Protein chains: 2
Amino acid sequence: MARVEAEPGGPRRSGRRPAGSGTREAILDAARAAFTQRGYDGASIRQIAREASVDPALVHHYFGTKQGVFTEAMHFPFDPSVLVPEVLAGDRSQIGERLARLFLTIWEDEQARGPIVALIRSAVTNEQAATMLREFVSEALVARVARELDAPDAALRPPLVAAQLVGLALLRYVIKLEPLASADPETLVAAVAPTVQRYLTGDLGPG
Amino acid sequence: MARVEAEPGGPRRSGRRPAGSGTREAILDAARAAFTQRGYDGASIRQIAREASVDPALVHHYFGTKQGVFTEAMHFPFDPSVLVPEVLAGDRSQIGERLARLFLTIWEDEQARGPIVALIRSAVTNEQAATMLREFVSEALVARVARELDAPDAALRPPLVAAQLVGLALLRYVIKLEPLASADPETLVAAVAPTVQRYLTGDLGPG
DNA sequence: GTCTATATCGTGATAGAC
DNA sequence: GTCTATCACGATATAGAC
């Protein structure tokens, strides 16, 4: 999970694949869209096949099971092993702002948002997807950050950040709660950055 | 939505209803459990009927459609029109702590948690449920609080609080991300209270 | 008030022909 | 590589007997 996709020089993903048969990629594109819109349980192989103008049996032929399609479709177009060190590298007193801005920038990019929305939508009702999300957040994000913190309660801090940012994304992009949904990204960065900063470097408790 | 349930003096909800036929209540209990565990789309009338030891056709007889069952099952065991004024009434400089503690107290009560988890699980993939959640958060919670704030950006403040608290609940109770899931409630109250406080009464922006 | 029977439709998965 | 046909289910909803 979470590898950078090899975008082979050509035009962006839209319309049909040119080289080879392209069927496999067409199925993956349709699958990504379906899982994004309806989550794992709500998406169906037949519907994905229809969208890709392909026979449902082909989906099984390429990926075996529905879970197989999901796993293949979930490769993120960004790489936490690159981004997290970048955020950690700079001035620690502004890490909250950098992290909040990076998070919102990724979510504002519709193409990057897709797989994450798909994973969240799926994880809420599907236990396997929940495990994928848990492991992704824990290992790719939380563990990397926690390792670099020297504050007390280092293990609790990154999950608190995750809770704040995931909650924001959920209400803004999935539930579309106003006025959060149409707020300016920089307004939200400014509002949330101090929270993230405190969770990572500040005082957590009363005593 | 969000009325207090009339608990008629007797024993707590477990086992079978004694008075009357009780079938209707048995169906609602089973429905609440099913929607809580699997969300709207994942729950089925047949499965609810099985759980209630009742014929599936009876469910339709009592509630018409699946949406009808859902709506009836979603009455919360707490009343925002009572709780919100209580939180707002006290010392404004400690409103963050009061709100965070109230929120976590409700979520720690498994019986109270059920319907909210059901609504969240459902809202993430079902548009009708998303509308219900949106309206509940907007009207029952956000609007009531925003009305009482005299700070600038009063409209944006309660949704920010909602994002923080919903995110916390999602990762702790639904996704069960450690160490958030097994953290002591008071630890979380202490961690989150200053955030809530700042969103409601503090400085939101950089300028 | 309760249940049988059925209409209509969708699902994931597989075997096997071409 | 692609598609037809099918297995074995499950879904919501309705009509109508008892």
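In what follows, chains carry the letters A, B, and so on, assigned in the order in which the sequence lines appear, proteins first and then strands, with residues in each chain numbered from 1. Remember, it's a predicted structure, so these values are computed and weren't measured experimentally.
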Task: Side-chain N or O of A/T23 closer than 4.0 Å to phosphate OP1/OP2 of D/dT2 - done: yes
Open item on the list: If you only use heavy atoms from C-beta on, which nucleotide in C/dG12, C/dC3, C/dT2 is closest to the side chain of A/R46?
Closed with: C/dG12
Open item on the list: Assess, by modelled atom type and distance only, whether the side chains of B/R121 and B/T36 contain a donor and an acceptor separated by less than 3.5 Å.
Closed with: no
- [ ] Rounded off to whole Å, could you give me the CZ-to-C1' distance for the A/F63 and D/dG1 pair?
- [x] 14 Å
TODO: Among the candidates C/dT2, D/dT2, C/dA13, find the nucleotide nearest to the side-chain atoms of B/L58.
DONE: C/dT2
Task: Aromatic ring proximity, centroids under 6.0 angstrom, A/F76 and A/F136 - done: yes
- [ ] Let me know the distance between OH of B/Y40 and P of D/dA11, rounded to the nearest Å.
- [x] 14 Å
TODO: Could you tell me the separation between the CD1 atom of A/I45 and the P atom of C/dG12, rounded to a whole number of Å?
DONE: 5 Å
Task: Nearest-angstrom distance from the residue atom CD of A/Q67 to P of C/dA13 - done: 10 Å
- [ ] Using whole Å, report how far CZ of B/R38 lies from P of D/dA11.
- [x] 10 Å
- [ ] Could you tell me whether the side chain of B/T131 and the main chain of B/E127 form a donor-acceptor pair under 3.5 Å?
- [x] yes
Open item on the list: The side chain of B/A57 is closest to which nucleotide in this list: D/dA15, C/dT14, D/dA13?
Closed with: D/dA15
Task: DNA chain C: 5'-proximal contact among A/P56 and B/H61 (nearest heavy atom) - done: B/H61
Task: B/Y173 side chain to B/E110 side chain, donor-acceptor N/O pair below 3.5 angstrom - done: no
Task: Candidates C/dT11, C/dG12, D/dA11 - which lies nearest the side chain of A/Q47 - done: C/dT11
Open item on the list: Distance check needed: D/dT2 P versus A/D55 CG, whole Å only.
Closed with: 10 Å
Task: Ring geometry between B/Y40 and B/F35 (parallel below 30°, tilted from 30 to 60°, perpendicular above 60°) - done: parallel
- [ ] Measure from CZ on A/R50 to P on C/dT11 and round the result to the nearest Å.
- [x] 6 Å
TODO: Indicate, with a heavy-atom threshold strictly under 4.0 Å, whether A/A43 touches base, sugar-phosphate, or nothing.
DONE: sugar-phosphate
Open item on the list: From C-beta outward on B/Y62, which listed nucleotide comes closest to its side chain: C/dT4, C/dG12, C/dT2?
Closed with: C/dT2
TODO: Starting from C1' on D/dA13, measure out to CD1 on B/I48 and report it in whole angstrom.
DONE: 14 Å
Task: Nearest-neighbour nucleotide for the B/S44 side chain, C/dA13, D/dA11, D/dA13 considered - done: D/dA11
